[in-house]
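Just so it is clear, the model here is predicted, and its values are computed rather than measured.
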Amino acid sequence: KNQIQDVTFTAEPGQTIAVVTLADDRGERVRWSVLGAWDSDPEQHRLSYLSEFGTALLGAAPGAAVEARDPLSDSARRFTVVAIEPFNPS
C-alpha cells in the first residue's frame with residue numbers, strides 16, 4: 001500500500017487512486033487523476049502512479065512543492081499541491 005496524504009490505496013489497473021489539484025508557478029490550477037500502472041492518458045489529465053509525474057506526487061501533501069517533467073509539455077516544471085481528494089465516481 002502507498003499513501004497520498006490521508007488517502008490509502010492499492011494500485012491496480014483501471015483503479016483511480018486520487019484526484020490531485022496542482023498550481024503552477026503562475027497560479028494556474030490543474031487537476032490530475034492518479035491511476036494504476038497501465039492507465040496513463042496525459043491529454044485527459046490521467047497518469048500512472050509509476051510515471052515520473054505520478055511518482056513525484058506520491059507522499060505529497062497540500063502545500064508541498066513537487067518537481068517533475070510535465071507529461072503534456074515534456075518540460076521540467078514545479079507545481080504546488082493544492083488539494084488531494086479520493087476519487088468518488090458518484
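Between Leu35 and Ser48, every side-chain heavy-atom pair lies at or beyond the 4.5 Å cut-off. Counting heavy atoms from C-beta outward, Leu22 and Phe53 have side chains that approach closer than 4.5 Å. With a 4.5 Å cut-off on side-chain heavy atoms, Ser33 and Arg31 do not count as touching.
The cluster map of Ile, Leu, Val, Met, Phe, Trp and Tyr, joined by side-chain heavy atoms under 4.5 Å apart, puts Leu72 and Tyr49 in the same cluster. Neither Val82 nor Trp32 shares a network with the other; the hydrophobic side chains, linked directly or stepwise wherever heavy atoms of I, L, V, M, F, W or Y lie under 4.5 Å apart, form separate groups for each.
Separating the CG atom in Asp70 from the CZ atom in Phe79 is a distance of 4.5 Å, to the nearest 0.5 Å.
With hydrogens and angles ignored, the 3.5 Å screen pairs no side-chain donor or acceptor of Thr21 with any backbone N or O of Val81. Using a distance-only test at 3.5 Å, with no hydrogens or angles considered, no donor-acceptor pair links the side chain of Arg29 to the main chain of Ala23.
Residue Ser51 comes nearest to Gly54 through the heavy atom pair OG-N, 2.9 Å, listed as atom of the first residue, atom of the second, then distance. Nearest heavy atom pair, residue Ala65 against residue Arg78, reads CB-NH2, 3.2 Å. Across every non-hydrogen atom of Pro62 and Ile84, the tightest pair is CD-CD1, 4.1 Å.
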> Could you go step by step and tell me if Leu57 and Val66 meet the side chain to side chain contact (heavy atoms under 4.5 Å, CB included) rule?
Replying inline: CA-CA 7 Å; Leu57 295 173; Val66 293; 4.0 Å; yes
